[in-house]
Protein chains: 2
Amino acid sequence: MSATRPYHHGDLRSALLRSAERTLREKGAGALSLRELARDIGVSHAAPGRHFKDKQALLDALALDGYERLNQALHTAAEHPGLTLEERMTALARAYLGFAVGNPELLELMFARKHHPDSSAQLASAVDHSLASFTGLITDAQERGEIVPGDPERITMVAAASLHGLAALIAGCALEAEEALAGLDAHVHLLLHGLRPR
Amino acid sequence: MSATRPYHHGDLRSALLRSAERTLREKGAGALSLRELARDIGVSHAAPGRHFKDKQALLDALALDGYERLNQALHTAAEHPGLTLEERMTALARAYLGFAVGNPELLELMFARKHHPDSSAQLASAVDHSLASFTGLITDAQERGEIVPGDPERITMVAAASLHGLAALIAGCALEAEEALAGLDAHVHLLLHGLRPR
DNA sequence: ACCTGAACACCGTTCAAGT
DNA sequence: ACCTGAACACCGTTCAAGT
């Protein structure tokens, strides 16, 4: 191996993504600059343009990567058929909130409203994939009579919106992460049993 | 009145805020530039610096203004003591979702994670004020035995997170506004009655 | 008190040219 | 195929000087 940087980086694309996620985590999305990424990696400021058509394309790639990790975590959490409905729902909730607590700026990026037309289809499909973990749980439980009958999409949306709201409040610093995690069992219980007395 | 622009604008601060909100609504937060605002208003590019210490200070002022309008809307919606609990909750939900549908980029700004230390106390208090509309409804209903007993803050959080989740999904284009508004009654019903069969 | 004009140190993006 | 260097048109912020 030579001491001088080779003309071709070799794996610039993934180096950019790695470095970008580090910056995102440490300094936030606003502090992310393509030129600074290039400087840190030791490549010319125009080099990123070869791998990402523009800055938004890099941000979209980060978001997609985030969905992959989130969906993996949700999928893993949903695979415990021995548990009760409430336990399974809590496991899913814990997986989602755990991701939100660990990656608040990434979550903000994943749900931001400005994506490239090129990426939006992939991102929409990633969101659908996230929701599918919830829908699967709901329809299973409906078959056992443990969840109210009705359009599973709507019922999924109630559960997902509730957790997404918590996640968004945490990411936006309107709710403390520890508080939300500590009250998560009670939250899921209220969601399943309702706010009205039985 | 003279045809030439006077040296002193007179009300530059509010002109900047007005123009900024227009840009926010039409082109999004990313397209907001202090220099462009100054150009549009017909003032030098350094003039905004007299009224806002930096760009974030202007964004924070926009967010605070958003909270004022939102809190006004929530407060108005909550003032119908003749209605049932479910009707009152639905009215609050409709007010919040209506704001989210009408001001998606502003909402994103309001819940963004990067604010000036100077503004964060005011913003936090604005968030508390929003939540207070829900807490008021919850404690009222608890006294009548129409809501489960328990920490009203936690119960408020379940209701608020659920609606905020919907709002965030709309703002992030993951859920269509019309679909959410059309299903809002059912959403509130499920929230109050729970996802489990009774 | 409020605004201007110039200056500084950054950006993202493009493109001919290099390896 | 991949990267560089220069160029272009922007930024935000600061600060002496003007009204």
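Order of the sequence lines fixes the chain letters, A, B, ..., with proteins taken first and strands second; residue numbering starts at 1 for each chain. Owing to the predicted nature of the structure, the values given are computational and were not obtained by experimental measurement.
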| field | Evaluation steps, salt bridge (charged side-chain N to carboxylate O under 4.0 Å, His left out), between Glu21(B) and Arg69(B) | value | CA-CA 13 Å; Glu21(B) 211 200 319; Arg69(B) 284 188 278 149; 2.8 Å; yes
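- dA1(D) is paired with dT19(C) under the Watson-Crick or G-U wobble criterion, all donor-acceptor distances under 3.5 Å.
- Counting to the nearest Å, the P atom of dG12(C) and the NE2 atom of His51(A) are 16 Å from each other.
- Per the geometry, CG belonging to Leu32(A) stands 15 Å off C1' belonging to dC10(C), to the nearest Å.
- Under 3.5 Å, the side chains of Thr84(B) and Glu87(B) contain a donor-acceptor pair of N or O atoms.
- Here dC11(D) presents its P atom at 15 Å from CG of Leu58(B), a figure rounded to the nearest Å.
- Taking atom CZ of Phe52(B) as the reference point, atom P of dC3(C) lies 12 Å away to the nearest angstrom.
- Using a 4.0 Å cut-off on heavy atoms, the residues of residues 33-40 of chain B that approach DNA chain D are Ser33(B), Leu34(B), Arg35(B), Arg39(B), listed by number.
- Base pairing analysis places dC8(C) opposite dG12(D); the two distances defining the Watson-Crick or G-U wobble pair are each below 3.5 Å.
- Ring planes of Tyr96(B) and His164(B): parallel class, angle under 30° (limits at 30 and 60°).
- As rounded to whole Å, 18 Å separates atom P of dA1(C) from atom CG of Asp11(B).
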A correct 5'-to-3' footprint of nucleotides 14-19 of chain D, with B, S and - meaning base, sugar-phosphate only and no protein heavy atom under 4.0 Å, is BB--BB
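- Atom CG of residue Leu123(A) and atom CE of residue Met110(A) lie 9.0 Å apart, to the nearest 0.5 angstrom.
- Within the model, atoms NE2 of His189(A) and CD of Glu86(A) stand 5.5 Å from one another, a figure rounded to the nearest 0.5 Å.
- No side-chain donor from either of Asp185(A) and Thr90(A) sits under 3.5 Å from a side-chain acceptor of the other.
- Checked by atom type, the side-chain pair Asp60(B)/His115(B) shows a donor-acceptor distance below 3.5 Å.
- Judged by distance alone, the side chains of Asp11(A) and Ser14(A) do bring a donor and an acceptor atom under 3.5 Å apart.
- Put simply, NE2 on His116(A) is 12 Å from C1' on dT13(C), counting in whole angstrom units.
- Donor-acceptor pairing under 3.5 Å is recorded for the side chains of Ser162(A) and His187(A).
- For the pair Lys55(A) NZ and dC11(D) C1', the interatomic distance rounds to 11 Å; values are reported in whole Å.
- When rounded to the nearest whole Å, the span between CG of Leu12(B) and P of dT4(C) equals 8 Å.
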